[in-house]
Amino acid sequence: MLYSKMYLTTLKEIPQDAEVPSHQLMVRSGMIKKISAGVYTWLPLGLRVLDKIRTIIRDELHKKDCNELMLPILLPAKPWKQTGRWEEYGQEMFKLQDRSNREFCLGPTHEEIVTETVKNTVRSYRDLPQFVYQIQTKFRDEPRPRFGVIRCKEFIMKDLYSFHADEECLHKGYAAISEAYHAIFRRCGLTFFPVDADNGTIGGSFSHEYVSESSVGETEFVICDSCGYSATIEVAPSKAPETESSESLLGLEEVSTPNVKTIEEVSSFFHVSPDKILKTVLYKDENNQHYLVVVRGSDEVNETKLKRIVKKDLVLCTQSTLPTGYLGPIQPTSFPIIADTYAIQIKNGICGAMKEDKHLKNVSYDRDWTADTIGDIRSLCNGDPCPRCKKPIAVKHGMEIGHTFVLNDRYTKPLETVFTDPSGATKTVLMGCYGIGVTRLVAAIIEQYHDDKGIVWPASVTPFHVEIMVLNPTDTDHIQCARSIEQELEKQGYEVLIDDRDLSPGIKFKDAELIGIPHQIVLGRGLKEGVVEYQNRQDREKKNIPFDDIASYVNERLKEELHDICNRSNTGLQ
RNA sequence: CGGAGAGUGGCGCAGUUUGGUAGCGCGCGUGGUUUGGGACCACGAGGUCGAAGGUUCAAAUCCUUUCUCUCCGACCA
C-alpha cells in the first residue's frame, strides 16, 4: 500500500482535548477522529487494528465452538420490561419511539434479545449447550464519556452468550471461555489480570473481570503475588485480625482544635498516625435518613461494600447542619453508626467532638462509642494481608477489557426459555454471558505499547507489519525496489506500507515513529551499493542489510515475534 | 447532577484586563532552491472570533441567555 494513496493524516501537535496517552496517540496518528463527546469515526489506520483484533477474537472463539451471529441494534422494549431492566438500566439506555409510539432502545447489551432469539429454537437437551456471539456496536448514554475511545457513548463489543441444560455444563462452558479469553488477550500482547468482580446490574451468581494494567484505568483491583488471589477493590474482603491490643485505656479528653479538620491536619496536630484517627463520614439514603460511617483515618470508605451492608443506596452527604470536620461517632446521636472492623479496634484514638473546633482524645470503642453495625466497609490498601493467604497484597489500577458472568436463570426465567430434559420434564435453560470491549482494547494496547515518540505496535495487531520509507521517491528505481520488497513480504502474508511521499526524510521518520509500525526499512543512498537500512521500532536498533536479504530477514523476525506473542505468559496468575 | 476550566482559519495558540473592525507558528496551494531526522525563499488561499440577544458611533473584547468540549467527583458489564 502506498502512503500517497492512503487516507491518512497525522498531527504534529497534541490535540487540546486529549488527556491520556492512548487518546493523544490515536488522534495524532490518524486512527480516529472525534465527532462528538464519546462518539468517534474510525479512520482507515484505526480500522485496520480493529480488524486485527476482531480476527483474533473470532479465531479463538471458533476453537471453542462458538457461533457468530448478528443481533439487531434497534431493540423493542417488551423483553426488557419482562426482565425488569427497562427501568433498572435507567438513564444509561438510549430510548426512542417509532412513528406509532412503540418503544425501542438502542442496544446497550443483548441478554434479552439473544434469549428471545434462542427461545423456542433450542427445544431439547440435545440442542444444548449452545455458544453464540456477535461483534456489534453498543450504545450507552454515559454520563461522562472519557479518555477517547476508552469510555464512549457508542462502542464495539464482542458479546458472547452460552446456554446450558445444567449447572455443571454451564461451569464447564464458563471455564472454556476463560481459556479463550486468556488466549485472546495474550495474542493482543497485553499484560492482564482476571479478577473476581462484582456482578452489578447484569445479575447472576458470579463473575470475573479482565483488567489490563494501566495507570489510566478506572478499575482498582488487588493482587497477591504469593497465592495468586485477585479481585476488584469492591469485592476483595478486608477484615481486621482478631488481636486485642494490650494498650491500657487512657482518660477521655476534649481538646480545642480550631481549623484542624482534615485527617492530615488532625494527624500532625496530635502527632499521631492516621490509623489512630476515627474518620467519620456522613451518608444519607433516599429517605434522607443519615448515617455516620466510621473507618480509620488511613482508610477509604468503599461505597460498594457500604451499600451492600446497608442494603440501601447511600450518597455522600456534602451539606449538613453538623460541624463538618469535627464529626465523631460519639453518643448521643440520632444517626445509626456503621463502623469498619479495623475502626473499632482503635484504642486511645482521636475523633471529632461533634462540635466546632473540638476533638476528643483517647477515644476507645465500647467505653466511649458503639456502632449499630460493624462490617467490612473499607477498601484494601497496598500491603494489607491477602484475604486468602495473609501475605501482603498489592493494589493496582487497570482498565476493564472483558467481563464474564454466570447468569444462571436471571434472564431465561422471566423470558420463559425452557427445554425438555432426558426424562421429558420441562426445565429452564441456564445462561452465561461474556463481553470484550473491542474498541477499548485498542486503547488498552496502546497504553501498554507506546513511548515518547509514538505507538509501538505488537506484531499481532499492528495496522501494517512493515513500513518502507523511500527517501527519494522521484527516482522510479527506488519505488520499484520498494515494490519488490513489498511483493515478497505480501507473499508471506504481511502487510506493507510504502512511504512514497515526496517530503523531506525527517517527516517520514517522525511519522513512522508515531504510527509505530514494528519493522521499518529505509531505502536511501545505500541503495546504489545494494544496501538498505533496517530499523526496529521497539528497540531502535538500526542495521544495514543487503537489499536481496531484507525481505527474508524481516520475515524471520516477524515469524518469531508472532510465535512468541502467542506463547508467552502475560498474567501473574498462571 | 455537583465543582473547575476552555471555545478565535485544518491543528496549536496570542489578542479580551483598558472596546476602534483579527494576528502568530504549523499545515494547505503555486513557483523555485533543497534532499538521511519535522529544510529554505517568494507569492497565495482560508476565520460572520461557538450561537442568540443587548449596550455602544463602534464589540473577539462589556452585559444577559444558551450550546459545545475537557478535567475532578457522582455514576458505570
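Model, not experiment: these values are computed from the prediction. Below, read A as the first sequence line, B as the second, and so on, with proteins coming before strands; counting in each chain starts at 1.
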Protein-nucleic acid N or O pairs under 3.5 Å, nucleotides 22-25 of chain B:
unit_1 : atom_1 : unit_2  : atom_2 : d
B:rG25 : N2     : A:Glu13 : OE1    : 3.3

Please tabulate the protein-to-nucleotide N/O contacts below 3.5 Å involving nucleotides 68-74 of chain B, giving atom names and distances.
unit_1 : atom_1 : unit_2   : atom_2 : d
B:rC69 : OP1    : A:Ser36  : OG     : 3.3
B:rC69 : OP1    : A:Ala37  : N      : 3.0
B:rC69 : O3'    : A:Lys34  : NZ     : 3.1
B:rC72 : OP2    : A:Arg144 : NH1    : 3.2
B:rC72 : OP2    : A:Arg144 : NH2    : 3.0

List every contact pair, protein side and nucleotides 32-37 of chain B side both N or O, where the distance is under 3.5 Å.
unit_1 : atom_1 : unit_2   : atom_2 : d
B:rG36 : O2'    : A:Arg525 : NH2    : 3.3
B:rG36 : O6     : A:Arg525 : N      : 3.3
B:rG36 : N2     : A:Glu533 : OE1    : 2.7
B:rG36 : N2     : A:Glu533 : OE2    : 2.8
B:rG37 : O6     : A:Gln535 : NE2    : 3.3
B:rG37 : O6     : A:Lys542 : NZ     : 3.0
B:rG37 : N1     : A:Glu513 : OE2    : 3.4
B:rG37 : N2     : A:Glu513 : OE1    : 2.4
B:rG37 : N2     : A:Glu513 : OE2    : 2.9

Are there any protein N/O atoms within less than 3.5 Å of an N/O atom in nucleotides 7-9 of chain B, and if so, which ones and at what distance?
none

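Among the protein residues, A:Ile14 comes within range of the sugar-phosphate backbone only, with heavy atoms under 4.0 Å from sugar or phosphate atoms but none that close to a base.
The interatomic distance linking A:Lys12 (NZ) with B:rG10 (C1') rounds to 14 Å, in whole Å. Summarising the geometry, the separation between CG on A:Leu514 and P on B:rG38 is reported as 16 Å, rounded to the nearest angstrom. Whole-Å rounding puts the A:Glu234 CD to B:rC75 C1' distance at 12 Å. With rounding to whole Å, A:Arg501 atom CZ is found 12 Å from B:rG27 atom P.
Classified by interplanar angle (parallel below 30°, tilted 30° to 60°, perpendicular above 60°), the ring pair A:Phe192/A:His182 is perpendicular. Ring-plane geometry between A:Phe139 and A:Phe94 is classed as perpendicular, the angle between the planes exceeding 60 degrees on a 0 to 90 degree scale with a lower cut at 30. Ring geometry for A:His164 versus A:Phe131: interplanar angle over 60°, hence perpendicular rather than tilted (30 to 60°). Note on ring orientation: taking the six-membered ring where Trp is involved, the planes of A:His23 and A:Tyr40 are perpendicular (angle over 60°, cut-offs 30° and 60°).
Judged by a 6.0 Å distance limit and a 45° cone about the ring axis, A:Lys95 is positioned over the six-membered ring of A:Trp86.
A donor-acceptor pair is defined here as one N or O able to donate and one able to accept, closer than 3.5 Å; such a pair exists between the side chain of A:Asn302 and the backbone of A:Lys305.
Side-chain contact, A:Thr428 with A:Asp409: no donor N or O sits under 3.5 Å from an acceptor N or O. A donor-acceptor pair shorter than 3.5 Å can be found between the side chains of A:Glu112 and A:Thr83. With hydrogens and angles left out, the side-chain atoms of A:Thr109 and A:Glu111 include a donor and acceptor closer than 3.5 Å. At a cut-off of 3.5 Å, with distance as the only test, a side-chain donor of A:Ser207 or A:His403 sits close to an acceptor on the other residue.
Partner assigned to B:rU70 is B:rA4, using Watson-Crick or G-U wobble distances below 3.5 angstrom. In a base pair of the Watson-Crick type (N1 to N3 plus N6-O4 or O6-N4) or a G-U wobble (N1-O2 and O6-N3), with each distance short of 3.5 Å, B:rU30 is matched with B:rA42. B:rC75 is unpaired under the Watson-Crick or G-U wobble criterion, no partner having all donor-acceptor distances under 3.5 Å.
The only member of A:Tyr174, A:Phe405, A:Tyr181 that meets ring-ring contact (aromatic ring centres under 6.0 Å, His included) when paired with A:His208 is A:Tyr174.
Partners of A:Tyr534 according to the ring pair (Phe, Tyr, Trp, His ring centres under 6.0 Å) rule, which considers only residues two or more places apart in sequence or in another chain, are A:His519, A:Tyr553.
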Identify all side-chain donor-acceptor contacts of residues 438-447 of chain A below 3.5 Å with residues at least two apart in sequence or on another chain.
unit_1   : atom_1 : unit_2   : atom_2 : d
A:Thr439 : OG1    : A:Ile156 : N      : 3.1
A:Arg440 : NE     : A:Ile150 : O      : 2.8
A:Arg440 : NH1    : A:Glu400 : O      : 2.7
A:Arg440 : NH2    : A:Ile150 : O      : 3.0
A:Glu447 : OE2    : A:Ser22  : N      : 2.9
A:Glu447 : OE2    : A:Ser22  : OG     : 2.7

